[in-house]
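See structure below.
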Amino acid sequence: MTVSAEVIELCLKNEPRAQEALYKAYSASMFGVCLRYAGNRMEAQDILQEGFIKVFQNLSHLHSKEAIDGWIHKIFVNTAINYYTKQLKFQNEVSLKFESADATIQEDALSKLSHNELLKILQGLPTGYRTVFNLYVIDGYNHREIGEILGISENTSKSQLWRAKASMRKILRRIL
Amino acid sequence: MEEKDNIEDIYRKAFTGFEPPPPGQAWEKVKAELHPAELDKSKFSSLKERFSVFSRSPNLYPLLATAAMVLLLIMIWFSYSHKHNISGHAYAGETRISRGTAFLFQVYDKAKPYDTVILIQTAPVDNNGYYRFSGIIHGNYFLRVNPLPGTDITKNFMPSFYNQDSASSEAVIIKVDNDDPTVDIHLLPK
């Protein structure tokens, strides 16, 4: 837990200083989440603000203070997904038979890329690919959970992930 | 098929615990949304803060009072300097009338003066036929003099407007801009 129970209590009383303390404790990590899900920095900032407003407005729904880290993370992921709801168009499932035919990218070449470059590639993906990639690869949801969150089938989730990685490989081959 | 590959690994490694510095003004926007009243208060307090310079420095009071006085004088001067007097004499033939009343009408639209005319002041005409209107702002006016009823003059002369050359002719507009006009009125004979 990044903040004390006392800070949470004061936030529940709508105390601005406590709210600022909580914001400071989570803003960097949550901005990281926002940047991954957003198409650019401006949108990430919008999501960050919207996310924190939801956090403070719904704090009374937090069942256990110890679970606040995961609870806040979930709010931000949901906020980011909702932000792009209208843009989320999932293409039909594709056959995954050829997935393994995609060559992997040289690990050392990949590791030479900076955070910023990796982020640019991720942000350049279509919203649906980017969302599934984030949920699956970084936030650790499985395809069944992703299907529930996004209202799609497990297979659609898998195909989105495959398409996301195929797109990324294409970009990486061009720049490496 | 949930096969992991190096793209996944690279991204997982790079973005797990990714904590970039958040944008500076984001908290202010969140706070404004959560506490709108507080924001108004802080705007007010910053204003108060600016003015509190004076309350913290009592030796500035005389300076402030002088500045206020100068400002007041400038305003008074300005308002007076932009107001005028209209004065003149009323004649019945070659002689000045003794006593009567002068009427000043303001004309709001020169194009249709008789539809937009309003009586704004009256002034007595003294024994020497003199009258005076003061505090007149820039504009267009009609001026009329009525001799005192019951006097000999009223038997021979009628109430008349400035430069009216016959009973049926229209009144002439007096324009007041930068000067104090002197306007003599010659009553029309009956």
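Residue numbers start from 1 in every chain, and the chains themselves are labelled A, B, ... in the order their sequence lines are given, proteins ahead of strands.
Heavy atoms of Glu20(A) lying under 4.5 Å from chain B belong to its backbone as well as its side chain. Residue Asn14(A) touches chain B through both its backbone and its side chain, counting heavy-atom pairs closer than 4.5 Å. Heavy atoms of Leu35(A) lying under 4.5 Å from chain B belong exclusively to its side chain. With a threshold of 4.5 angstrom between heavy atoms, Pro21(B) approaches chain A through N, CA, C or O but not through any side-chain atom.
Side-chain contact annotation: Gln160(A) with Tyr136(A), donor-acceptor N/O pair under 3.5 Å absent. In this model, no donor atom of one side chain and acceptor atom of the other lie less than 3.5 Å apart for Tyr11(B) and Asn134(A).
Between Pro62(B) and Thr66(B), the shortest heavy-atom distance links the atoms O-OG1, 2.7 Å. The shortest heavy-atom contact between Val145(B) and Leu187(B) is O-CD2, 3.6 Å.
Among Leu119(A), Val33(A), Leu48(A), Leu122(A), the residue with the largest count of heavy-atom pairs under 4.5 Å with chain B is Leu119(A). Of the listed residues Ile53(A), Ile138(A), Leu118(A), the one with more heavy-atom pairs under 4.5 angstrom with chain B than any other is Leu118(A). Chain A forms more heavy-atom pairs under 4.5 Å with one residue of Trp27(B), Phe15(B), Phe18(B) than with any other, namely Trp27(B).
Ion pairing between a basic and an acidic side chain is recognised when a charged N comes within 4.0 Å of a carboxylate O; Arg144(A) and Glu148(A) show such pairing.
Counting non-hydrogen atoms of neighbouring residues, nucleotides and ligands closer than 6.0 angstrom, the CZ atom of Arg96(B) exceeds 12 such neighbours.
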